[in-house]
Visitor: 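Let me begin by handing over the structure; questions about it come next.
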Amino acid sequence: MNKKPRSLTRIIIPVVLTLVTIALIVWPMLAGGQYVVLDPKGPIGASQRDLIVISTILCAIVIVPVLILSAVIVWRYRDKPDNKAAYEPNWAHSTKAEAIWWTVPIVIIGLLAIVTVRYTYDLEPSKPLASEKEPITIQVSSLDWKWLFMYPEQGIATVNTLNIPADRPVKFELTADSPMNSFWIPQLGGQIYTMSGMAMTLYLQADHEGTYFGSGANFTGEHFAQMRFDVNATSDEEFKQWVDEVKLQSQPLTQETYNTLAEPGTSNVAYYSSFPEGLFQDIVTKYVIEGTGAHNHGTSEEASGAQENTSTKVDKSAN
């Protein structure tokens, strides 16, 4: 009496879970939403999307047949009185089967290795992007719980908002004046860590004008979920106009203002007409212990100079 309901339950539960999973994957697309990682707006994001798609297809060549065969085998050889499936208790080897389930995965792994190595080299974060236009440099510092963006060439700074010219490479120099975080603009490229005592470089580019989502992607305490910012990609003319407006309508970022800003807490969007010279390098070397140097990975000459100056001071004090 109880066998039939139990068998039915064992079939229904996996089917329902499968349908729910498919619905959760497909629903955002049908409901007008989107997976931003799969909707790139720049060359780095597009290459990373291609790597995801290629890797998924290659893996699916193995995974999909295995899942289908698992279901077929369970159904075909289920315990049933009138089951007509061949009964071969002494079967132990098949050269053809062995060749298939060893050769196919080996070929797939080889292709994955080639594709991954190629894309890993091409997508090295500090590798400049090929472009006829000169890149704009933006210095980024993650704080608790906000983002500070400094434009050394324009002499302005912003908090929790980022403006960049479209169709032009952007060289991000990144560090942290707080616990380690992760800088991420999904539609433009993958995330990169910001760490105190270190200066990292990341090249990105927005091919189209628009507003893109940016955030911190690393847990850093109470308000880490509020470390979000808009990335406004505009034309060169609109970008220059925006810079002029910030210079005319905003207050300067002084050292005292920065010290207050660096204290743990959230912040609204803010604009500054100027910032202290060498502030980024000061943040990078803030936690440097005498006898050691800050780590710079593909950063500007100024950041490297800050490290050299620190080492020189240590050498002089030792003498």
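Model, not experiment: these values are computed from the prediction. The chain is numbered in sequence order, starting from 1.
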Visitor: Between Tyr272 and Lys247, is there a donor-acceptor pair closer than 3.5 Å when you use the side chain of the first and the backbone of the second?
Guide: no
Visitor: Step by step, would you call Thr137 with Phe172 a side chain to side chain contact (heavy atoms under 4.5 Å, CB included)?
Guide: CA-CA 6 Å; Thr137 299; Phe172 290 102; over 6 Å; no
Visitor: Judged by modelled atom types alone, do Thr234 and Glu209 share a side-chain donor-acceptor pair under 3.5 Å?
Guide: no
Visitor: Taking atom CE of Met195 and atom OG of Ser142, what is their separation to the nearest 0.5 Å?
Guide: 10.0 Å
Visitor: Could you go through the side chain to side chain contact (heavy atoms under 4.5 Å, CB included) check for Val140 and Trp147 one step at a time?
Guide: CA-CA 7 Å; Val140 183; Trp147 290 95; 3.6 Å; yes
Visitor: Backbone N or O of Met198 within a donor-acceptor pair of the Thr175 side chain at under 3.5 Å?
Guide: yes
Visitor: Does a donor on one side chain sit under 3.5 Å from an acceptor on the other, for Trp102 and Glu98?
Guide: yes
Visitor: Minimum heavy-atom separation for Glu277 and Asp282, please, with both atom names.
Guide: O-OD2, 4.5 Å
Visitor: Could you please spell out the steps behind the side chain to side chain contact (heavy atoms under 4.5 Å, CB included) verdict for Ile57 and Ile54?
Guide: CA-CA 5 Å; Ile57 292 174; Ile54 293 172; 5.9 Å; no
Visitor: Kindly compute the distance separating OG (Ser267) from NE2 (His223), expressed to the nearest 0.5 Å.
Guide: 12.0 Å
Visitor: To the nearest 0.5 Å, tell me how far Ser178 OG sits from Glu263 CD.
Guide: 13.0 Å
Visitor: Could you tell me whether the side chain of Val64 reaches within less than 4.5 Å of the side chain of Cys59, counting heavy atoms only?
Guide: no
Visitor: Does the side chain of Pro40 reach to within under 4.5 Å of the side chain of Gln187, using non-hydrogen atoms?
Guide: no
Visitor: Judged by modelled atom types alone, do Thr260 and Thr257 share a side-chain donor-acceptor pair under 3.5 Å?
Guide: no
Visitor: Looking only at heavy atoms, which two atoms of Asn218 and Ser182 are closest? And how far apart?
Guide: CB-N, 3.7 Å
Visitor: Should Leu58 and Val104 be counted in the same cluster of Ile, Leu, Val, Met, Phe, Trp and Tyr side chains packed under 4.5 Å apart?
Guide: yes
Visitor: Indicate yes or no: at least one non-hydrogen side-chain atom of Thr158 is less than 4.5 angstrom from one of Val269.
Guide: no
Visitor: Report the distance from atom CG of Leu51 to atom OG1 of Thr56, rounding to the nearest 0.5 Å.
Guide: 9.0 Å
Visitor: Could you state whether Ile109 and Val62 fall into the same hydrophobic cluster, counting links through intermediate Ile, Leu, Val, Met, Phe, Trp or Tyr residues with side-chain heavy atoms under 4.5 angstrom apart?
Guide: no
Visitor: Do the side chains of Ile192 and Met180 join up, straight or via other hydrophobic residues, at under 4.5 Å, putting them in one cluster?
Guide: yes
Visitor: Tell me which one of Trp145, Trp184, Phe183, Phe213 satisfies ring pair (Phe, Tyr, Trp, His ring centres under 6.0 Å) with Phe229.
Guide: Phe183
Visitor: Who else is in Ile63's hydrophobic cluster (ILVMFWY, side-chain heavy atoms under 4.5 Å, direct or via others)?
Guide: Leu67
Visitor: For Asn259 and Gln255, which I'm curious about, is there any donor-acceptor pair between the side chains at under 3.5 Å?
Guide: yes
Visitor: Return yes if a side-chain donor-acceptor contact under 3.5 Å exists between Ser141 and Gln139, otherwise no.
Guide: no
Visitor: May I ask you to decide if the ring planes of Phe219 and Phe224 are parallel, tilted or perpendicular, using 30° and 60° as cut-offs?
Guide: perpendicular
Visitor: Rounded to the nearest 0.5 Å, how far does CG of Asp50 lie from CG of Asp122?
Guide: 11.5 Å
Visitor: Could you check Lys171 against Thr201 for side chain to side chain contact (heavy atoms under 4.5 Å, CB included), going step by step and ending with a plain yes or no?
Guide: CA-CA 7 Å; Lys171 179 184 179 182; Thr201 297; 4.0 Å; yes
Visitor: For the residue pair Val284 and Ala199, what are the closest heavy atoms and their distance?
Guide: CG2-CB, 4.0 Å
Visitor: With the 4.5 Å side-chain cut-off for hydrophobic clustering, are Val53 and Val115 part of the same group?
Guide: no
Visitor: Just so I know, are the side chains of Glu173 and Ile138 near enough to count as touching, which here means a heavy-atom distance under 4.5 Å?
Guide: no
Visitor: Using a 3.5 Å distance criterion without hydrogens, assess whether the side chain of Ser131 forms a donor-acceptor pair with backbone atoms of Lys133.
Guide: yes
Visitor: Show the nearest heavy-atom pair for residues Tyr203 and Ser126, with the distance to one decimal.
Guide: CE1-O, 3.5 Å
Visitor: Restricting to side-chain contact (heavy atoms from CB on, under 4.5 Å), what partner residues turn up for Pro252, sequence neighbours left out?
Guide: Ser273, Ser274
Visitor: Any chance you could measure Ser215, atom OG, to Arg228, atom CZ, to the nearest 0.5 Å?
Guide: 7.0 Å
Visitor: Just wondering, more than 12 heavy atoms not from Tyr119 lying within 6.0 Å of its OH?
Guide: yes
Visitor: Ignoring hydrogens and angles, tell me if any N or O in the side chain of Gln154 forms a donor-acceptor pair with the backbone of Ile156 under 3.5 Å.
Guide: no
Visitor: Using side-chain heavy atoms (C-beta onward) and a distance below 4.5 Å, is Thr266 in contact with Asn160?
Guide: no
Visitor: Counting C-beta onward and ignoring hydrogens, is there a side-chain heavy-atom pair between Asn181 and Met227 closer than 4.5 Å?
Guide: yes
Visitor: If only side-chain N and O atoms count, and only distance matters, is there a donor-acceptor pair under 3.5 Å linking Thr211 with Asp230?
Guide: no
Visitor: For Asp207 and Gln205, test the side chains for any donor-to-acceptor distance below 3.5 angstrom and give the result as yes or no.
Guide: yes
Visitor: Please examine the side chains of Leu188 and Ile164, heavy atoms only from C-beta on, and report whether any two atoms are closer than 4.5 Å.
Guide: yes
Visitor: To check you understand the geometry: which heavy-atom pair defines the closest contact between Trp91 and Ser94, and what is its length?
Guide: CZ2-CB, 3.6 Å
Visitor: Does the side chain of Leu204 come within less than 4.5 Å of Leu202's, by heavy atoms?
Guide: yes
Visitor: Considering residues, nucleotides and ligands other than Glu245, do more than 12 of their heavy atoms fall under 6.0 Å from its CD?
Guide: yes
Visitor: Can Asn232 and Asn163 be counted as having a side-chain donor-acceptor contact under 3.5 angstrom?
Guide: yes
Visitor: Which residues pass the side chain to side chain donor-acceptor pair (under 3.5 Å) test with Tyr287, not counting sequence neighbours?
Guide: Asp177
Visitor: May I ask whether Leu69 and Ile61 are part of the same hydrophobic cluster, defined by side-chain heavy atoms of I, L, V, M, F, W, Y residues being less than 4.5 angstrom apart, directly or through others?
Guide: no
Visitor: Heavy atoms only: give me the nearest Phe275-Ala157 pair and the separation to one decimal.
Guide: CD2-CB, 4.0 Å
Visitor: Under a 4.0 Å N-O cut-off, is there an ion pair linking Lys146 with Asp144?
Guide: no
